[in-house]
Amino acid sequence: SVVSRANSIGSTSASSVPNTDDEDSDYQQESYKDRRRRAHTQAEQKRRDAIKRGYDDLQTIVPTCQQQDFSIGSQKLSKAIVLQKTIDYIQFLHKEKKKQEEEVSTLRKDVTALKIMKVNYEQIVKAHRDNPHEGKDQVSDQVKFNVFQGIMDSLFQSFNASISVASFQELSACVFSWIEEHCKPQTLRDIVLGVLHQLKNQLY
DNA sequence: GGTCACAAGGGGTACACGAT
DNA sequence: ATCGTGTACCCCTTGTGACC
């Protein structure tokens, strides 16, 4: 009640500065109930101090809780704001962590790919070291061109036969079906073999 | 013994409003 | 326009009963 509260506040301030004999004698004869009440009040104060320290610590630790408005100075934020900012900051950290984990995953894949490339290059270097004269008797540019021309001619024939350019839509459809039909690995292999065979016959 | 919920009250601030 | 005053509101602290 209002009265009991007023009394208790009075007794609190008086207990911090005990001065009269009256109060001393009161203290001596303090009932069990009063002692219990005082202990309880003290314990509650201790608990609230711990909570307060927690909020102070949060305000120190959480970057967004540190006052940036210099016109306000070092004014304390309300508890509700400290809590909200802390929640926001934790969510931000979670997102950062997720982003970094994804980055690590991507980098791990890159490392794997680079390791494979490294092994391949080492094999090439080794092969070259073991047989340094390999490739010296390379085919001429003219022969290379003839092979290329032969392959392209063959592809163009099939392309020309199956492609219609009536409309863009039709062209797209034809190109896709041409790729499916005439650019299969087996077909390309046959074309290349055919061209090489033909050139061989021409040369010899 | 620790925690929670509640009521009461204090301090600070923004705002309306009348007096000057 | 300026100043003093009353009021509402927010936030915090404190004491205390109830509960585990």
Side-chain angles (χ1 to χ4, degrees), chain A residues 1-126 167-177 179-180 185:
Chain A
S1 71
V2 179
V3 177
S4 69
R5 177 178 165 77
N7 284 343
S8 61
I9 289 171
S11 67
T12 302
S13 58
S15 65
S16 62
V17 190
N19 41 11
T20 66
D21 293 342
D22 224 23
E23 277 174 11
D24 269 341
S25 61
D26 278 355
Y27 187 78
Q28 296 284 336
Q29 293 165 6
E30 194 178 43
S31 68
Y32 167 75
K33 200 178 165 186
D34 284 344
R35 280 202 303 277
R36 195 176 141 83
R37 181 174 51 77
R38 278 159 56 86
H40 176 48
T41 303
Q42 214 169 355
E44 180 63 14
Q45 186 57 58
K46 190 178 153 197
R47 179 182 152 268
R48 285 173 179 144
D49 282 346
I51 293 171
K52 189 170 170 293
R53 273 200 302 278
Y55 277 103
D56 289 346
D57 287 350
L58 275 183
Q59 195 166 344
T60 309
I61 292 166
V62 176
T64 49
C65 280
Q66 283 148 20
Q67 200 56 253
Q68 291 178 351
D69 189 344
F70 296 107
S71 64
I72 297 175
S74 59
Q75 189 183 341
K76 279 187 67 174
L77 298 173
S78 75
K79 292 182 177 179
I81 289 176
V82 170
L83 277 186
Q84 191 53 58
K85 283 180 180 288
T86 302
I87 290 166
D88 292 345
Y89 185 57
I90 289 171
Q91 284 172 341
F92 164 74
L93 289 179
H94 274 142
K95 279 183 191 162
E96 282 292 297
K97 182 169 173 260
K98 200 177 164 196
K99 220 167 27 175
Q100 286 180 354
E101 281 171 352
E102 283 168 3
E103 200 180 329
V104 166
S105 169
T106 305
L107 289 172
R108 278 193 211 287
K109 284 177 191 162
D110 287 353
V111 166
T112 305
L114 288 169
K115 276 180 181 167
I116 292 168
M117 286 170 70
K118 179 171 173 267
V119 169
N120 285 338
Y121 278 120
E122 280 171 354
Q123 282 173 355
I124 291 169
V125 168
K126 186 171 180 298
S167 70
F168 181 74
Q169 218 162 8
E170 206 175 325
L171 173 66
S172 304
C174 290
V175 166
F176 280 115
S177 57
I179 289 171
E180 289 292 324

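On a predicted model such as this, the values are computed, not experimentally measured, just so you know. Hydrogens, waters and symmetry mates are skipped; everything else that's a heavy atom, side chains included, is used. Every chain is numbered from 1 and lettered A, B, ... according to where its sequence line falls, protein lines coming before strand lines.
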Q: Roughly, in whole Å, what's the span from CD1 in A:I81 to P in C:dC12?
A: 8 Å
Q: To check you understand the geometry: which heavy-atom pair defines the closest contact between A:T64 and A:K85, and what is its length?
A: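 Heavy atoms only, the tightest pair is O-CD, 3.4 Å.
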Q: Would you be so kind as to tabulate the donor-acceptor pairs closer than 3.5 Å made by side chains of residues 100-114 of chain A, with sequence neighbours excluded?
A:
residue: A:E101; atom: OE2; partner: A:K97; partner atom: NZ; Å: 3.4
residue: A:T106; atom: OG1; partner: A:E102; partner atom: O; Å: 3.0
residue: A:T112; atom: OG1; partner: A:R108; partner atom: O; Å: 3.0

Q: Go through the steps to decide whether A:E122 and A:K118 satisfy the test salt bridge (Lys or Arg N to Asp or Glu O under 4.0 Å), and finish with yes or no.
A: CA-CA 6 Å; A:E122 280 171 354; A:K118 179 171 173 267; 3.2 Å; yes
Q: Calculate, to the nearest 0.5 Å, the distance between atoms OH and CD1 belonging to A:Y55 and A:I81 respectively.
A: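 Taking OH in A:Y55 and CD1 in A:I81, the distance rounds to 12.0 Å.
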Q: Within the sub-3.5 Å range, which N or O atoms of nucleotides 3-6 of chain B have a protein N or O partner, and how far apart are they?
A:
residue: B:dC4; atom: OP2; partner: A:R47; partner atom: NH2; Å: 3.2
residue: B:dC4; atom: N4; partner: A:E44; partner atom: OE1; Å: 3.0

